[in-house]
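Below you'll find the structure, written out as structure tokens, and then a few comments.
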Amino acid sequence: NGQKKWITGGHRADFYTCAVLTAKGMSLLLIEKGMPGLSVRKMDTQFDNSNGTAFVTLEDVKVPASNLIGKEGEGFKYLMHNFNHERFVIAV
């Protein structure tokens, strides 16, 4: 259960990647649009409404084990690897 605010393009997304705590540590799950308990609402922003900024709420969402991204407990490593790439691209 949880909420995430200010997701660019979130109301148009078909999938969401979520970092969650599991028995083995931080893991990544793929949440699919339309799963029971997932709600997404478009947020009005002051300057640009074309980006589809969204507020996402997860409440008792049941996620199948097949939606685990990579290995359980390796989520933090995956996130840091991706963030380093993103920072490099933004800097260039």
Side-chain angles (χ1 to χ4, degrees):
N1 293 337
Q3 300 175 327
K4 177 67 173 107
K5 195 173 184 179
W6 304 108
I7 307 219
T8 303
H11 87 285
R12 293 187 297 263
D14 292 324
F15 301 96
Y16 302 88
T17 303
C18 294
V20 301
L21 289 178
T22 62
K24 294 185 179 180
M26 185 182 293
S27 301
L28 296 182
L29 294 178
L30 183 69
I31 310 296
E32 300 174 46
K33 180 180 183 178
M35 284 182 147
L38 172 70
S39 64
V40 181
R41 68 174 174 85
K42 189 175 183 298
M43 294 175 55
D44 290 326
T45 56
Q46 187 173 5
F47 299 108
D48 185 8
N49 284 323
S50 64
N51 287 325
T53 303
F55 186 88
V56 177
T57 303
L58 296 104
E59 188 172 329
D60 297 327
V61 178
K62 305 287 188 224
V63 182
S66 60
N67 284 33
L68 176 67
I69 299 172
K71 295 180 180 178
E72 186 176 357
E74 299 288 318
F76 185 76
K77 179 176 77 173
Y78 300 144
L79 288 175
M80 291 302 101
H81 179 76
N82 185 59
F83 284 155
N84 286 336
H85 176 72
E86 286 179 5
R87 290 184 179 123
F88 175 74
V89 171
I90 290 168
V92 173

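Just so you know, residue 1 is the first one in the sequence shown, and it goes up from there. Reckoned from all heavy atoms, side chains included, excluding hydrogens, waters and symmetry mates.
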Query raised in the report: Going through the distances and angles, do Gln3 and Phe55 end up as a side-chain contact (heavy atoms from CB on, under 4.5 Å)?
Result: CA-CA 7 Å; Gln3 300 175 327; Phe55 186 88; 3.7 Å; yes
Requested in this report: For Thr22 and Gly73, work out which heavy atoms get closest and say how close.
Outcome: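 Shortest heavy-atom contact: OG1-N, 4.4 Å.
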Any side-chain heavy-atom pair of [X] and [Y] under 4.5 Å:
X	Y	result
Val63	Ile31	yes
Phe76	His81	no
Met43	Lys5	yes
Leu28	Leu68	no
Met26	Leu79	yes
Val40	Val56	yes
Pro36	Glu59	no

**Report entry** Shared hydrophobic cluster, Tyr78 / Val20 (ILVMFWY, side-chain heavy atoms < 4.5 Å)
**Finding:**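 No, separate clusters.
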Report task. Please test Asp60 against Asn1 for side-chain contact (heavy atoms from CB on, under 4.5 Å), starting from the C-alpha separation and ending with a verdict. Result -> CA-CA 6 Å; Asp60 297 327; Asn1 293 337; 3.3 Å; yes
For [Y], does its backbone N or O pair with a side-chain atom of [X] as donor and acceptor, under 3.5 Å?
X	Y	result
Tyr16	Leu38	no
Asp14	Lys33	no
His11	Gly52	yes
Asn67	Leu30	yes

Report task. Please report the C-alpha distance between Ser27 and Glu72 in whole Å, then the side-chain angles of each, then the deciding distance to 0.1 Å, and finally whether the side-chain hydrogen bond (donor to acceptor under 3.5 Å, both in side chains) criterion is met. Result -> CA-CA 5 Å; Ser27 301; Glu72 186 176 357; 4.8 Å; no
**Report entry** Between OG1 on residue Thr53 and CZ on residue Arg41, distance to nearest 0.5 Å
**Finding:**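 Atom-to-atom, Thr53:OG1 and Arg41:CZ are 11.5 Å apart.
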